[in-house]
S.K.: 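Before anything else, here's the structure in question.
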Amino acid sequence: MGELGGFLKIERAGVVYRDPEERAHDYREFVERRSDGELAEQGARCMECGIPFCHNGCPLGNLIPDWNDLVYRDRWHDAIRQLHATNNFPEFTGRLCPAPCEAACVLEIREGDAVTIKQIENAIIDRAFEEDWVAPLPPRAETGYTVAVVGSGPAGMAAAQQLRRAGHAVTLFERDEAAGGLVRFGVPDFKIEKWVVQRRVDQLAEEGVHVRCGVEVGVDVSVEELRERHDAIVLATGSRVPRDLPVPGRELGGVHFAMDYLYGRNRWVAASQNGAGFEAPISAAGKHVIVIGGGDTGADCVGNSLREGAASITQLELLPEPPSRRPDDRTPWPLWPQKFRLSYAMEEARTAAIGEQDFQVATTHLSGHDGRVSALHYAQAEPAPPFKPVAGTEGELKADLVLLAMGFLHPEQELIDGLGCQKDPRGNVKAGAYATSVEGVFAAGDARRGQSLVVWAINEGRQCARMVDRHLSELARRGMVGSGNLAPADEGPEGPPRHPTGALTAQP
């Protein structure tokens, strides 16, 4: 596996980023790809470690040592077969996943020395598309059963693809004007350009998935109609109810949830690329921007504000600043380390000399003039829950725009309640093994597990599809005929056999 002793001879060469001063002026992806030769060297560092803890770190169970070795041996076509065996959309995870697999790599015992798994994964799928190795895989036969998947984020897309390849008639419902969920509308183009998302949507359509955008289930299509027309329903609506900031002054103009801002920016970028006119409802141009929340969503707000031409950007985090290195007493290897990581966006903002990031800050109230916010009042927070403000540490920041990026609470409740599904104490759909309390209704992704990573969303979609397929197979055994939508079988390659993990069909 890899080159014998390669990890001792070859230094880790991490992901290459475009210069922060240059990339802050455009919306193109900022990650660059290494040459095939460099990637082969990095694949050679993957040692035959006996127990590959990277499998434990990856929610999808990706066959990481296998495709690292295949890249090292210049067998790229075989590498994409191995990668697609467990992951429907490696170009999503290769761009957006924080790579818990690398944190669990055995070489990471010496911190900072892990195999560069994520960049190899991304290079494999990018080359596969360039070489036309990725093709639609319509089913060879139709089952006669129909499935509705509500929500077209990574979980919904993965569930829809797996179920369609198993021969079921699948309709994917999306209330926005295009499919992709937060990967399309929440994540900026400079992290993942939207043609990357669209080509997978096109693949779903070519495989026979009926993609219906601009259709809100429960409004445009009633719950009763949905149940009547489909033998199974998958809820993959995500966790879209944001955590609010309950302080005086919250009602002032200029205080917005982060996703309201990011959705507008992504639509503006799409319109600009298509030569269409679109004015985003929220703008950071020329404003003093404060982003409350230190996660990925907050970083994306910083990156967009910078590109808009904000006067200043301050990112506030309630928690204390993490240590610079892995704290072994709290998150020992192979756990995900709770340590400080400078985001791509704050690197850009600091390079432009308009960005600041502060930790352990509690917002006490907001003030303004003529109904609009003009200042954020804060105090140092206590280092442990409930993070109360410390008396005598008060201060004030100028603020023309305040973006709340403090995470999400649970999925929107109307559709869940309309279907009569039970919920867990946090408001998520209660679906332990993906089946809800309502016969024939299943849930996957953030709607089931709460706010999480893109890699978990794809895993949930795949596993939920297995349970739906099992449910429909049971209906067939009981002699229950599907609801219809039967069409002649499409022509398509057989593909490799089912993977032992239970994946319905692997992409060659």
Side-chain angles (χ1 to χ4, degrees), residues 1-17 29 31-135 196 333-334 454-455 458-459 495-497 499-501 503 506-508:
M1 187 65 66
E3 181 179 330
L4 186 62
F7 66 95
L8 297 172
K9 299 178 286 184
I10 303 169
E11 294 292 326
R12 172 186 164 99
V15 177
V16 181
Y17 297 95
E29 290 183 12
V31 174
E32 295 185 335
R33 183 164 133 197
R34 291 187 178 276
S35 69
D36 290 356
E38 290 176 304
L39 291 166
E41 275 201 332
Q42 292 305 301
R45 298 184 69 245
C46 185
M47 59 185 187
E48 193 170 1
C49 50
I51 299 176
F53 281 87
C54 55
H55 287 186
N56 180 68
C58 177
L60 280 164
N62 280 336
L63 308 174
I64 295 166
D66 302 60
W67 40 259
N68 278 339
D69 182 63
L70 290 167
V71 167
Y72 163 59
R73 300 180 188 280
D74 198 30
R75 293 171 54 188
W76 290 79
H77 191 270
D78 291 328
I80 187 56
R81 291 172 67 90
Q82 292 283 62
L83 182 50
H84 265 146
T86 56
N87 188 349
N88 295 65
F89 315 121
E91 66 275 29
F92 294 1
T93 53
R95 286 166 167 82
L96 304 178
C97 180
C101 53
E102 292 188 22
C105 176
V106 173
L107 292 181
E108 184 62 16
I109 292 174
R110 187 171 73 179
E111 190 173 354
D113 204 35
V115 175
T116 56
I117 299 166
K118 179 176 172 178
Q119 71 169 339
I120 295 173
E121 174 187 35
N122 208 28
I124 293 170
I125 183 58
D126 283 352
R127 177 163 175 179
F129 272 108
E130 291 164 6
E131 301 282 354
D132 292 326
W133 294 335
V134 183
V196 175
W333 177 88
V454 62
V455 67
I458 297 172
N459 172 72
H499 189 266
T501 59
Q507 165 87 37

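Only heavy atoms go into these numbers, but all of them, side chains included; no hydrogens, no water, no symmetry mates.
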S.K.: Could you report the tightest heavy-atom contact between Cys54 and Pro65, atom names first, then the distance?
M.R.: SG-CD, 3.9 Å
S.K.: Under the salt bridge (charged side-chain N to carboxylate O under 4.0 Å, His left out) test, which residues partner Arg127, sequence neighbours left out?
M.R.: Asp36, Glu131
S.K.: Please report the interatomic distance CD1(Ile120) to CZ(Arg34), rounded to the nearest 0.5 Å.
M.R.: 10.5 Å
S.K.: I'd like to know whether Leu39 forms a side chain to side chain contact (heavy atoms under 4.5 Å, CB included) with Ile124, so could you lay out the CA-CA distance, the side-chain angles of the two residues, the decisive distance to 0.1 Å, and finally the verdict.
M.R.: CA-CA 10 Å; Leu39 291 166; Ile124 293 170; over 6 Å; no
S.K.: If you round to the nearest 0.5 Å, how far is CD1 of Ile10 from CD of Glu38?
M.R.: 12.0 Å
S.K.: Taking salt bridge (charged side-chain N to carboxylate O under 4.0 Å, His left out) as the test, write out the residues that go with Glu29, two or more places apart.
M.R.: Arg95
S.K.: Does any non-hydrogen side-chain atom of Ile64 lie less than 4.5 Å from one of Pro52?
M.R.: no
S.K.: Holding to side-chain hydrogen bond (donor to acceptor under 3.5 Å, both in side chains), I want the full list of residues that pass it with Asn56, two or more places apart in sequence or in another chain.
M.R.: none
S.K.: What residue pairs, at least two apart or across chains, pass ring-ring contact (aromatic ring centres under 6.0 Å, His included) with a residue in residues 87-109?
M.R.: Phe89-Phe92
S.K.: If I compare all heavy atoms of Ala13 with all of Thr116, which pair ends up nearest, and what's the gap?
M.R.: O-CG2, 3.4 Å
S.K.: Once salt bridge (Lys or Arg N to Asp or Glu O under 4.0 Å) is applied, what residue pairs with a partner in residues 96-108 remain, sequence neighbours excluded?
M.R.: Arg12-Glu102
S.K.: To check you understand the geometry: which heavy-atom pair defines the closest contact between Lys9 and Leu4, and what is its length?
M.R.: NZ-O, 3.8 Å
S.K.: Mind listing the closest non-hydrogen atom pair of Cys46 and Asn68 along with its distance?
M.R.: SG-ND2, 3.5 Å
S.K.: Measure across Arg45 and Val115 and return the closest heavy-atom pair with its distance rounded to 0.1 Å.
M.R.: NH1-CA, 3.7 Å
S.K.: Tyr17: what forms a ring-ring contact (aromatic ring centres under 6.0 Å, His included) with it, not counting sequence neighbours?
M.R.: Phe30
S.K.: Roughly how far, to the nearest 0.5 Å, is the CG atom of Leu83 from the CD atom of Glu91?
M.R.: 9.0 Å
S.K.: Using the side-chain hydrogen bond (donor to acceptor under 3.5 Å, both in side chains) criterion, which residues pair with Glu121? Sequence neighbours excluded.
M.R.: Asn87, Thr93
S.K.: List for me each residue that meets side-chain contact (heavy atoms from CB on, under 4.5 Å) alongside Glu11, sequence neighbours excluded, and say none if there are none.
M.R.: none
S.K.: Does Arg110 have any side-chain contact (heavy atoms from CB on, under 4.5 Å) partners at least two apart in sequence or in another chain, and if so, which?
M.R.: Asp113
S.K.: How long is the gap from CG on Leu63 to SG on Cys58, to the nearest 0.5 Å?
M.R.: 9.0 Å
S.K.: Could you tell me which residues satisfy side-chain hydrogen bond (donor to acceptor under 3.5 Å, both in side chains) with Glu130, sequence neighbours excluded, listed by chain and number?
M.R.: Arg33
S.K.: Could you measure the distance from the CH2 atom of Trp67 to the CG atom of Asp78? Nearest 0.5 Å is fine.
M.R.: 14.5 Å
S.K.: Decide yes or no on side chain to side chain contact (heavy atoms under 4.5 Å, CB included) for Trp76 and Leu70, but give the supporting numbers first.
M.R.: CA-CA 6 Å; Trp76 290 79; Leu70 290 167; over 6 Å; no
S.K.: What residue pairs, at least two apart or across chains, pass ring-ring contact (aromatic ring centres under 6.0 Å, His included) with a residue in residues 44-66?
M.R.: Phe53-Trp333
S.K.: Can you tell me how far CD of Gln42 sits from OH of Tyr72, rounded to the nearest 0.5 angstrom?
M.R.: 13.0 Å
S.K.: Around Ile51, counting heavy atoms of other residues, nucleotides and ligands shown, do more than 12 lie under 6.0 Å from its CD1?
M.R.: no
S.K.: Identify the heavy atoms of Pro59 and Asn459 that sit nearest to each other, and give their distance.
M.R.: O-OD1, 3.2 Å
S.K.: Would you say that Ile125 contacts Val134 through its side chain, given a criterion of any heavy-atom pair below 4.5 Å between the two side chains?
M.R.: yes
S.K.: Which residues pass the side-chain hydrogen bond (donor to acceptor under 3.5 Å, both in side chains) test with Asn62, not counting sequence neighbours?
M.R.: Thr86
